[in-house]
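Beneath this line is the structure, given in structure tokens, with notes to follow.
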There are 2 protein chains.
Amino acid sequence: MASVVAKTSRRQPKTRLRGARGARDAREPRVRLDVDERRAQLVELGLTHFGERAYDDVSIDAIADAAGISKGLLYHYFPTKRAYYAATVKEAASRLVASTDTDDSAPPLERLHAGLDAYLGYVKAHAKAYATLMRSGVGVDPEIARIVDETRATFIDRLTSGFGQGLMPALDSPIARLALRGWVGFAEAASLGWVESIAEGLPAPSQREVRELLASTLMEIVRSTAASLLPSTPT
Amino acid sequence: MASVVAKTSRRQPKTRLRGARGARDAREPRVRLDVDERRAQLVELGLTHFGERAYDDVSIDAIADAAGISKGLLYHYFPTKRAYYAATVKEAASRLVASTDTDDSAPPLERLHAGLDAYLGYVKAHAKAYATLMRSGVGVDPEIARIVDETRATFIDRLTSGFGQGLMPALDSPIARLALRGWVGFAEAASLGWVESIAEGLPAPSQREVRELLASTLMEIVRSTAASLLPSTPT
DNA sequence: ACCGTCTATTGACTGACGTTCAATAGCCCC
DNA sequence: GGGGCTATTGAACGTCAGTCAATAGACGGT
């Protein structure tokens, strides 16, 4: 114990640069929260921070500071930064999925339109975060990739279910699944381009036009794929 | 491996852990290269390293070690790690563009097929690197995003040029540009899904099938977009 | 051969950041 | 009011991106 570390002298008091940003301002009374509350708070902070800056540009210190807690506590809830990021992405994905849920008693085409409209509305409402996540989301970690891929699969299931029951078997072939996955890429790229055009003040199509573009493209893909696989089916 | 680093009297001779990986093996004669050679070597190393691991998992030390040079020298050629990464991505993009160039005297449809086949061939040949770059490429830096976006624009130009001259004006509307950008997303997502299916040993379509999927989808998008913008044009 | 210049190259240094862990402080229950 | 549970702290560590003054090796001039 007595072996004072003293190395040289480095490790100064760090000048305490916590601005008025964090919660613990004056006397810093230790705030004790319930596990779920704290976790929810941290995920919420993750959503805003990772939605504004890229992964590398968000430091654990910044998060802890904004939450008014120590860095160590964050590691009590998430084992690594990547796991924390994964939890954030997971939350964003589940909110997206939830907010684009549609009435499954409605006719398929109506559901498709409603779902796409909800999607585009969500994208527009969270434009910056959507763009940031889409441009830097995956790739940080296989776990993140898994979450994103599962979310995409959820959308594909939702959009194609009830959608021409007779076509379902055909939509399970390798080429059809590739086509559907491609369409998701289409939708994401188009949505991203759309909100970026808006953000930059460029002339951009209306939401209705974009929705029609996505819907008609999907239907065309489904139609032509099914036709090529079931040539006996009447067009 | 032997990562023990003398905590007390720090700054020992560093135990010289350079394995047989780097060039400078035995007596480490300082190798002096021409600026262009050195730069080319480093970019080449970047292609292999960033093609195998994600950005964060590639350290400057690892690159320098593999090149048999000091870290400082790498910073003599590239101001930051991101700039180094950008140079690597730029090289990869320009190789992709170069290897998918087509004979512009051939008829448009033939050019389209040839271009897509070249693209898919490139993707298949560099499957791992393509997947890694696509999943983690953008988002690290706005500069990277610019490079990728410019490369996409190059492809769009190439694919649509000479392709139904009468349609060109219509293909310049906001909705049409969005549709084309969407198609690029379609192509990338489908290509990625394709090589991943192959890599995982899953049943995957043939390259011809994928090429047909991409081509027919593009033509359908062009056709329907042009039709909706120029309703007077005969189909 | 010697010397001077030029520059590719080095390697030790720094600050920042992710991560760990033993110690601490607030809360609840007996 | 005391004891146990656990949320919370804060300092320390190893790693890594980025900096910089010093060096070495080639080349040209004399």
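Here is how names work: the chains are called A, B, and so on, in the same order as the sequence lines, proteins then strands, and each is numbered from 1. As the structure is a prediction and not an experimental result, all values here were calculated from the model.
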What is the distance, to the nearest angstrom, from the [atom1] atom on [X] to the [atom2] atom on [N]?
| X | N | atom1 | atom2 | result |
| --- | --- | --- | --- | --- |
| A/Gln41 | D/dT8 | CD | P | 9 Å |
| A/Leu73 | D/dG10 | CG | P | 11 Å |
| B/Asp65 | C/dT10 | CG | P | 12 Å |
| B/Asp141 | D/dA17 | CG | C1' | 14 Å |
| A/Asp61 | D/dT9 | CG | P | 13 Å |
| B/Phe78 | D/dT19 | CZ | P | 15 Å |
| B/Tyr55 | D/dC16 | OH | C1' | 11 Å |
| B/Asp57 | D/dC16 | CG | P | 10 Å |

Sub-6.0 Å ring centroid separation between A/Phe186 and B/Phe186
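Here the rings of B/Phe186 and A/Phe186 have centres that are no less than 6.0 Å from each other.
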With a 6.0 Å cut-off on the ring centroids, do B/Phe155 and B/Tyr119 count as close?
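Centroid distance B/Phe155-B/Tyr119: below 6.0 Å, so yes.
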If each of A/Val35 and B/Pro79 is mapped to the nucleotide of DNA chain D with the nearest heavy atom, which maps nearer the 5' terminus, i.e. the 5' end?
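Between the two, 5'-proximity favours A/Val35.
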Under-4.0 Å side-chain N/O to phosphate OP1/OP2 contact, [X] with [N]:
| X | N | answer |
| --- | --- | --- |
| B/Arg38 | C/dT9 | yes |
| B/His76 | C/dA8 | yes |
| B/Tyr77 | C/dA8 | no |
| A/Tyr75 | C/dT20 | no |

Find out whether the Lys NZ or Arg CZ of B/Lys81 is both under 6.0 angstrom from the six-membered ring centre of B/Tyr55 and within 45° of the ring's axis.
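Output yes; distance and angle both within limits.
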Under the salt bridge (Lys or Arg N to Asp or Glu O under 4.0 Å) rule, what do B/Arg111 and B/Asp104 come out as? Steps first, then yes or no, please.
CA-CA 7 Å; B/Arg111 282 188 69 194; B/Asp104 61 344; 5.7 Å; no
Base C/dT19 paired with A/Lys71 side chain (donor-acceptor, <3.5 Å):
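Counting by modelled atom types and ignoring angles, a donor-acceptor contact under 3.5 Å is found here.
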Toward the 5' end of DNA chain C, by each residue's nearest nucleotide, A/Ile60 or A/Gly72
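Final value for this comparison: A/Ile60.
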Taking the side chain of A/Ile69 as heavy atoms from C-beta outward, which of C/dG11, D/dT9, C/dA8 is closest to it?
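Within the option list, the nearest is D/dT9.
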Evaluate the side-chain proximity of A/Tyr75 to A/Ile60: yes if any heavy-atom separation is below 4.5 Å, no if none is.
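Result yes, sub-4.5 Å side-chain heavy-atom pair found.
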